[in-house]
Every structure is written in C-alpha cells, then in structure tokens.
Amino acid sequence: MTIAPGCHDGPLYALKKVNPYFVMKEWRDDRQLGITDFERHQELQDVAGGIARMTADRQQYWLSELDKIYEHDPSAEMRRLAVVAAGRAAEANGLELLRKGLDDDDFKVRMEACRGLGKRGDEEAARLLATTVNADPDDDVRNSAIAALGRFQSPVAVDALRIALNDSDPSTQRLAVNSLRDATGKDFGDQPQEWIAALDAAGSDSAGTEASTERF
C-alpha cells in the first residue's frame, strides 16, 4: 500500500481521529490551556436555558457577561446564544443586547434578536421590529420580525404588518396575515387585499391620531 503525500498531519491522520487515545490527549491538552470552546458553548446554553428563573441580581450579572461575549466573541453561534439568553431575561437592560443583535453581520443572530423582541411586548420592541421589517435585506430576518409583531396589539405593529402585505413573496404575505389576526383580534380572510381594504376602511372611519388597533 502506498501513502499519498501531502497529508497535513502524517499518514495516520485518519486513524488519530477515530482512536480514543489521540482524541482524549488533544482534549487534555486543550484543558491545560484553559476552558475549551465546547465548554464555553455548553455553559452559555445552560445560561440561556435558565436565565428566566434567575433572581434579578443574577440576571443583571449575566446580562453584563452576555454583553461582553457579544462584543468580543468572533463566533456567530456564541453571539446568537448570548442574544437568546438576553431575549429570555426579564430585566429591562436585555433590550440593549437585542438591539445590537439586530445589526449583527450574521442573519441567524438577527433572527434570534427578532424572536427575543417578540417576547418583550413593549413599544420600543415593536418599533425595532417594525424597522427591521422595512429595512433588513434578508427575507428570513424580515419574516422573523413579521412573526414576532403578531404578539403586539399596537398601532406600530399593525402599520408595519400592513406594509408587509404588499410583499411580492406569497409566504411573507401569509405570515403577515396570520400576525395581523393576532395583533388585531380580527379575521378578514386569507387574501392580503381583503386585509388592506379592511385596515384602510378602519383608518378612514376614525381620527388620524387614533391607534390602528383601537379602530377595531
């Protein structure tokens, strides 16, 4: 048997990958240098899973740590988990990390920020999601924002969803219709044009300064 030249770790590289001795040796070497990436990832998953049950003081502590992770970690997955945890925290300053997440280079982080904002229910979260619907270049991120806006019975949410009804993608239109059902508590059918007509009629029957949801 001949060995092809050019292997980056010698002719037994493949065997090293399946031999437990080599795997465990590499693991021990990593542990001597400090906490491994796997352990950091696991710890952050644990924080995201448990932060909602923490006391206010512990949430404040972890939100500070999560902000550091978000600002300095090059891994998009670690930033995504930091945003997941912030979205599950009850403390108000979690909003700032979600706001940062909307500007992340990675679309999965931005999608997670939309989901987190949808859990908050306040007007600032609604405004951030509405801006994302109108401005984000990624369809998946925009759809995440549209889905999250269904949690808000707010004129900001209704107005943003009204605009989304004009999207050229039928799946986005359907998502906007479903979110409008939740946001308004009404059902005007499955067709975007039916919703547009109903929303416009409700707007013309009331004062211009009244909230869209109040028109129903």
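None of the values given here were measured: they were computed from a predicted structure.
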Closest non-hydrogen atom pair, [X] against [Y]:
X      : Y      : result
Val47  : Ala85  : CG1-CB, 4.5 Å
Leu98  : Gly116 : CD1-C, 3.8 Å
Ala76  : Val109 : O-CG2, 3.5 Å
Arg151 : Gly118 : CD-O, 2.7 Å
Ala164 : Thr172 : O-CG2, 4.4 Å
Ile69  : Met78  : CG2-O, 4.2 Å

Joint cluster assignment, [X] & [Y], ILVMFWY side-chain distance < 4.5 Å:
X      : Y      : answer
Leu102 : Ile163 : no
Leu95  : Val84  : no
Met54  : Leu44  : yes

Between [atom1] of [X] and [atom2] of [Y], what distance do you get to the nearest 0.5 Å?
X      : Y      : atom1 : atom2 : result
Leu180 : Leu161 : CG    : CG    : 4.5 Å
Cys114 : Arg142 : SG    : CZ    : 11.0 Å
Asp67  : Asn93  : CG    : CG    : 9.0 Å
Asp139 : Asp167 : CG    : CG    : 7.0 Å
Glu77  : Arg40  : CD    : CZ    : 11.5 Å
Glu71  : Leu97  : CD    : CG    : 8.5 Å

Would you check if the side chain of [X] reaches a backbone N or O of [Y] as a donor-acceptor pair within less than 3.5 Å?
X      : Y      : answer
Gln59  : Ile51  : yes
Tyr70  : Lys100 : yes
Trp195 : Val177 : no
Gln173 : Ser168 : no

Answer yes when [X] and [Y] have at least one side-chain N-carboxylate O distance shorter than 4.0 Å, and no when they do not.
X      : Y      : value
Arg174 : Asp169 : no
Lys68  : Asp73  : no
Asp140 : Arg110 : no

Evaluate side-chain contact (heavy atoms from CB on, under 4.5 Å) for Phe38 paired with Glu43, printing each intermediate quantity in order. CA-CA 9 Å; Phe38 174 82; Glu43 181 179 16; over 6 Å; no
Does the salt bridge (Lys or Arg N to Asp or Glu O under 4.0 Å) test come out yes or no for Lys108 and Asp106, once each step is laid out? CA-CA 6 Å; Lys108 292 182 180 179; Asp106 190 277; over 6 Å; no
Donor-acceptor side-chain pairing of Glu123 and Ser154 below 3.5 angstrom: yes
Lys119 and Arg88: side-chain contact (heavy atoms from CB on, under 4.5 Å), yes or no, with the steps? CA-CA 8 Å; Lys119 297 172 184 175; Arg88 295 175 179 174; 4.0 Å; yes
Run the side-chain donor-acceptor check on residues 128-135: report pairs under 3.5 Å with partners two or more places apart or on a different chain.
unit_1: Thr131; atom_1: OG1; unit_2: Arg127; atom_2: O; d: 3.0
unit_1: Thr132; atom_1: OG1; unit_2: Leu128; atom_2: O; d: 2.9
unit_1: Asn134; atom_1: ND2; unit_2: Ala130; atom_2: O; d: 3.2

Stepwise side-chain contact (heavy atoms from CB on, under 4.5 Å) test for Leu199 and Leu165: CA-CA 11 Å; Leu199 293 172; Leu165 290 171; 4.3 Å; yes
Does Asn166 reach the side chain of Ile196, with side-chain heavy atoms less than 4.5 Å apart? yes
Linking directly or through intermediates, with side-chain heavy atoms under 4.5 Å: list the remaining ILVMFWY members grouped with Val141, chain and number order. Phe107, Met111
In sequence, state the C-alpha distance, the side-chain angles, and the governing distance for Asp182 and Leu149, and then conclude on side-chain contact (heavy atoms from CB on, under 4.5 Å). CA-CA 9 Å; Asp182 294 332; Leu149 281 170; over 6 Å; no
Asp104: which of Arg80, Arg99, Arg79 passes salt bridge (Lys or Arg N to Asp or Glu O under 4.0 Å): Arg79
